[in-house]
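Let me begin by presenting the structure, written as structure tokens, before commenting on it.
By convention here, the first residue in the shown sequence is residue 1.
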Amino acid sequence: MALFVGPPRLLAMLALLAAGLLIAALIFPWLAQPTRNRVIGVWSRALVAVCGLRVDVVGRLPDELARTGILAGRAGRLLLANHVSWIDIFALNAALPIRFVAKAEIGRWPVMGTLVTLAGTLYIERGRRHAVHAINQKVSERLVAGESVAVFPEGTTSDGGTLLPFHSNLVAPALEVRCEVWPVALRYTQHGRPTRVPAFIGQTTLVESIWRIVGARGLAIEIAFLPPVATDEQPQPTRHRVAQAAHAAIAQHLGLQAEAPAHRPAGGDRPRTDKEPATHA
């Protein structure tokens, strides 16, 4: 059955990727950010659909925000989400157009790297001096402009059954701008039961992961936008406390045991055993 499901979905996915590259390269430069975000949302919903993934959103989003990722006249929002798969990015964009922070290596991925770069992903060069300071400046600018910016603060992917400690470096811009920080919980199921099928971990290659997803049936992702963590209290909370509060909220929603977040600089010393399609935060 998977052999029947996989190839048609894969062909449709490749066609969408090609169309996305053309749109992003030729049309995006002429579009305002809200319109660009609308296109990203429509395209992302089409991609996750052809991959056979149903998106279930928990938590009501204002209509304008769900369409454009921006609320006119208001500061943006920083989203902290757990990380399971490469398709997290497209599923999140299907629910809410977002600008992502990712490690620079993602921009060098064939096809997908070009696509996410054209879509406005912010990259951090891990291991370079002042890299965190530079990316925080860019994130602050996007938040001031009212955009939604997402970070995967685990710094790597998990199998969805665990929640790794959160890094807190990239929480700093939200405190500077005094915008909301939204915990976002991602949960994958297959026929209503938890599944590791979409997990991009271990020695799995991107091609193997894509084939596994497009060959599966009954996949769904629940995207839960949880109540925001306050950043405008007095005295202002530290980035560590904000990260810890977001970590605890996601763990509670997913029914996982919350661990204290790791207070380490970007590129910390945890052994890298999984895929790392996003930066430490």
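No hydrogens or angles considered: nothing links the side chains of Arg38 and Thr68 as a donor-acceptor pair under 3.5 Å. A donor-acceptor contact under 3.5 angstrom links the side chains of Asp88 and Tyr188, judged on distance only.
Residues Thr157 and Ser85 approach most closely at CG2-N, 4.1 Å, considering heavy atoms. Heavy-atom minimum distance, Arg99 versus Gly120: NH1-O, 2.8 Å. Closest of all the heavy-atom pairs between Ile250 and Asn82 is CG2-OD1, 4.0 Å. In this structure, Tyr123 and Ile135 approach most closely via the heavy-atom pair O-CD1, 3.4 Å. Summarising the geometry of Leu256 relative to Thr162, their closest heavy-atom pair is CD1-C, 3.8 Å, with the distance given to 0.1 Å. Heavy atoms only, all atoms of each residue included: Ser140 and Pro173 are closest at OG-CB, 3.3 Å.
Both Leu206 and Leu10 belong to a single network of hydrophobic side chains, linked directly or stepwise wherever heavy atoms of I, L, V, M, F, W or Y lie under 4.5 Å apart. When hydrophobic clusters are built by joining Ile, Leu, Val, Met, Phe, Trp and Tyr residues whose side-chain heavy atoms come closer than 4.5 Å, directly or via intermediates, Val48 is grouped together with Leu61. Note on Leu16: it clusters hydrophobically with Ile210, by side-chain heavy-atom contacts below 4.5 Å among ILVMFWY residues. By the criterion of side-chain heavy atoms lying less than 4.5 angstrom apart, applied directly or through intervening Ile, Leu, Val, Met, Phe, Trp or Tyr residues, Phe28 is not grouped with Leu115; the two fall into different hydrophobic clusters. No single ILVMFWY cluster, assembled from side-chain heavy atoms under 4.5 Å apart, contains both Val39 and Ile70.
Counting heavy atoms from C-beta on, the side chains of Ile221 and Leu219 never come closer than 4.5 Å. Counting only heavy atoms from C-beta outward, the side chains of Leu170 and Val139 never approach each other to under 4.5 Å. Between Leu47 and Met13 the shortest side-chain heavy-atom distance falls below 4.5 Å. In this structure, Ile201 and Arg196 have side chains that are in contact, with non-hydrogen atoms separated by less than 4.5 Å. Looking at heavy atoms from C-beta onward, Leu53 lies out of side-chain contact with Ile213 at the 4.5 angstrom threshold. For the pair Phe100 and Asn93, the minimum side-chain heavy-atom distance is below 4.5 Å. The shortest side-chain heavy-atom distance between Val55 and Arg45 does not fall under the 4.5 Å cut-off. Side-chain contact check for Arg77 versus Leu65: some heavy-atom pair is nearer than 4.5 Å.
Between the CG atom of Leu96 and the CH2 atom of Trp182 there is a distance of 6.5 Å, given to the nearest 0.5 Å. With rounding to the nearest 0.5 Å, the separation of NZ in Lys138 from CD in Glu141 is 8.5 Å. Remark: Ser44 OG to Ile89 CD1 distance equals 10.0 Å, nearest 0.5 Å. The structure places CZ of Phe152 at 13.0 Å from CG of Leu164, a figure rounded to the nearest 0.5 Å. Considering CZ of Arg239 and CG of Leu175, their distance stands at 9.0 Å, rounded to 0.5 Å. Arg241 CZ to Ser168 OG: the interatomic distance, rounded to the nearest 0.5 Å, is 12.5 Å.
For His191, the NE2 atom counts as densely surrounded, since its 6.0 Å shell holds more than 12 non-hydrogen atoms of other residues, nucleotides or ligands.
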Open item on the list: Set out, in order, the CA-CA distance, both residues' side-chain angles and the distance that settles side chain to side chain contact (heavy atoms under 4.5 Å, CB included) for Arg212 and Thr204, then state yes or no.
Closed with: CA-CA 10 Å; Arg212 184 182 298 166; Thr204 304; 3.9 Å; yes

- [ ] Evaluate the criterion side chain to side chain contact (heavy atoms under 4.5 Å, CB included) for residue pair His253 and Arg187; output intermediate values, then yes/no.
- [x] CA-CA 10 Å; His253 183 85; Arg187 176 176 12 225; 3.5 Å; yes

- [ ] Might you work through the side chain to side chain contact (heavy atoms under 4.5 Å, CB included) test for Ile40 and Phe90, ending with a clear yes or no?
- [x] CA-CA 9 Å; Ile40 290 173; Phe90 303 107; over 6 Å; no

Open item on the list: I'd like to know whether Leu186 forms a side chain to side chain contact (heavy atoms under 4.5 Å, CB included) with Ile223, so could you lay out the CA-CA distance, the side-chain angles of the two residues, the decisive distance to 0.1 Å, and finally the verdict.
Closed with: CA-CA 5 Å; Leu186 307 182; Ile223 303 177; 3.9 Å; yes

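Formation of a donor-acceptor pair under 3.5 Å by the Ser148 side chain with backbone atoms of Gly69 is found in this model. In this structure, the side chain of Arg142 does not engage the main chain of Glu147 through any donor-acceptor pair within 3.5 Å.
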